[in-house]
2 protein chains.
Amino acid sequence: MVEDTDAGPTPDADAEIVAGRKPPSARVPLDRDTIVAEALTFLDEVGPGGLTMRRLGARLNVEAMSLYRYVPGKEDLLDAIVEHLIRGLYADPEVLAEPRDGWQDFLQRLAHGVRRMALRHVKAFPLVASRPPEAPWLRPPLRSVDWVESFLSGLLAEGFTDEAAVAAYRGFTSFLLGHLLLEVATHGADVGPLDVVEDTTPDPSLEDFPTVARLSGELSEDHAVEEFEIALEQLLERITALKVEHQG
Amino acid sequence: MVEDTDAGPTPDADAEIVAGRKPPSARVPLDRDTIVAEALTFLDEVGPGGLTMRRLGARLNVEAMSLYRYVPGKEDLLDAIVEHLIRGLYADPEVLAEPRDGWQDFLQRLAHGVRRMALRHVKAFPLVASRPPEAPWLRPPLRSVDWVESFLSGLLAEGFTDEAAVAAYRGFTSFLLGHLLLEVATHGADVGPLDVVEDTTPDPSLEDFPTVARLSGELSEDHAVEEFEIALEQLLERITALKVEHQG
DNA sequence: ACCTGAACACCGTTCAAGT
DNA sequence: ACCTGAACACCGTTCAAGT
């Protein structure tokens with residue numbers, strides 16, 4: 001029984017005749033940077049749980065497997081997103097790559113720039129904090145060698161000693177990390193793509209916690225801005241002390 | 001055709017005859033708390049990427065599906081782990097649930113207790129920081145109502161005003177979060193279950209970053225302990241100022 | 001009452017194959 | 001050179017079924 005069962009509809013009509021016609025969406029060649037950029041905006045939309053190689057591929061009109069031409073794997077993609085975020089600071093016109101009106105102004109601008117970035121990418125920022133750094137000197141959230149270089153050489157140019165500059169770097173990073181992570185966390189960090197059910201429960205059995213119950217009003221107030229400004233001022237004071245101390 | 005097809009090997013022998021014999025491994029009834037505890041130690045071993053409902057089930061000699069009797073889902077399990085961690089602070093003999101030798105001692109002990117906990121659970125601690133809090137007053141890493149109650153009522157008993165206590169709470173949490181997250185991150189936070197390849201590359205093209213290259217020695221030094229102690233001292237000073245200011 | 005088997009809809013990633 | 005299809009080994013979760 002060697003019957004020709006290959007009797008399916010062979011669409012030879014379209015194949016070669018209609019050449020020279022562009023596909024509907026002009027085939028952008030899809031490089032690594034557009035993948036990372038798209039991954040970031042997608043992550044901001046759907047949260048970490050929603051970012052999937054397959055879904056990201058679909059977004060770029062491509063099968064998931066095509067992404068592996070440009071990115072070694074999902075982990076590397078996440079790292080690339082973090083780097084993309086941090087390097088994006090150079091594009092912020094309020095942020096200076098080196099001091100112009102003194103180091104205090106330099107650090108003020110940088111701190112506020114990172115804060116704006118964090119608030120613009122609430123769902124992505126936790127990644128900046130939790131991905132393991134590639135080197136011990138790349139402390140989150142300043143996780144790009146470029147910026148560490150900018151930070152340190154900036155302070156050195158302003159008369160800091162090596163030790164003072166490094167100490168300032170340490171203080172600056174843990175200050176930023178603590179404040180910003182807390183801030184984006186309370187902004188409902190990674191609720192993800194799930195339906196957010198409005199919790200209308202007034203006080204879920206807060207009767208055993210009288211102080212929390214009494215102060216829940218004050219505790220819920222959003223003082224993020226003042227907290228940030230005040231703590232930043234105090235940090236700058238401490239860095240000043242540190243600077244003169246290392247010079248004396 | 002109503003034949004009795006139930007002719008499989010009916011093991012009626014063991015069923016009732018040998019009653020009063022325990023199965024080889026004493027069948028612990030598997031409650032929620034042992035699941036959470038096991039999940040935590042497992043997480044500490046394999047990292048967040050390695051924690052799987054199926055693998056956790058296998059660890060407890062049970063199919064993954066059995067876990068759903070005690071835990072609504074994986075997300076809830078992660079939240080439960082976080083709570084378990086924080087409430088574990090009460091078991092630390094160095095930590096006091098309320099002030100005994102003044103509020104500074106109280107906060108010192110609490111801060112060091114949280115630090116020990118973070119360092120004992122390097123892989124799990126980032127969860128404490130990144131899970132979205134259930135209420136705006138539950139700021140990481142002090143994410144259990146019990147502890148917020150302990151913290152606030154402790155300070156109030158020491159003469160703090162409501163405002164000063166709340167402000168101290170805010171300062172204390174962001175200080176802890178920033179320092180500890182940074183510390184566990186540099187301890188190679190969530191490398192996960194992957195093989196950690198020793199990176200023997202000396203300086204991966206650090207030639208464009210002269211300052212980082214020159215200071216990489218200082219930058220790599222581990223000053224975690226001093227940083228923590230100094231910053232904690234400064235925090236306590238700020239809280240003191242805050243306390244008297246609200247009283248005057 | 002407690003656990004299991006089988007199934008569903010999804011993952012990340014590989015590799016040979018298409019154009 | 002770039003993309004795809006099909007496949008593999010895993011996920012979380014459901015539900016009817018077993019004991």
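Each chain gets a letter, A, B and so on, in the order the sequences are listed, and its residues count up from 1. Small disclaimer: the values here were computed from a predicted structure and weren't measured.
With a cut-off of 3.5 Å on both Watson-Crick or G-U wobble distances, the partner of C:dA17 is given as none. For C:dC10, there is no paired nucleotide, since no Watson-Crick or G-U wobble pair has both relevant distances below 3.5 Å. Pair check for D:dC3 finds none; no Watson-Crick or G-U wobble contact set falls under 3.5 Å.
Remark: the backbone N or O of B:Arg131 is paired with a side-chain donor or acceptor of B:Arg143 at under 3.5 angstrom. Without hydrogens or angle criteria, A:Lys123 side chain to A:Phe42 main chain gives no donor-acceptor distance under 3.5 Å.
Atom CZ of B:Arg69 is separated from atom C1' of D:dA17 by 12 Å (rounded to the nearest Å). When the P atom of D:dG12 is taken as reference, atom CG of B:Asp76 falls 14 Å away, rounded to whole Å. Note: CD (B:Glu75) to C1' (D:dG12) measures 10 Å, nearest angstrom. Look at OH on B:Tyr68: it is 13 Å from P on D:dC15, rounded to the nearest Å. Rounded to an integer number of Å, the gap from A:Asp31 CG to D:dC2 C1' is 13 Å. Following rounding to the nearest Å, A:Ile35 (CD1) and D:dC3 (P) show an atom-to-atom distance of 9 Å. A:Leu56 has its CG atom 14 Å from the C1' atom of C:dC11, to the nearest Å. What separates OH of B:Tyr70 from P of C:dA1 is a distance of 12 Å, to the nearest Å.
Two rings, from B:Trp147 and B:Tyr90, have their centers less than 6.0 Å apart.
Nearest-nucleotide positions on DNA chain C for B:Ala64 and A:Arg54 put B:Ala64 closer to the 5' end.
Taking the side chain of A:Ser66 as heavy atoms from C-beta on, and the options D:dC11, C:dG5, D:dC3, the nearest nucleotide is D:dC3. The side chain of B:Met65 sits closest to C:dT4 out of C:dT13, D:dG5, C:dT4. Listed nucleotides: C:dT4, D:dC11, C:dT14. Nearest to the side chain of B:Thr52: D:dC11.
Side-chain contact of B:Ser144 with B:Glu83: a donor-acceptor pair under 3.5 Å is absent, judged by distance alone.
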Could you go through the side chain to side chain donor-acceptor pair (under 3.5 Å) check for A:Asp31 and A:Thr34 one step at a time? CA-CA 6 Å; A:Asp31 61 349; A:Thr34 52; 2.8 Å; yes
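At the heavy-atom level, B:Met53 lies under 4.0 Å from the strands shown only through sugar-phosphate atoms.
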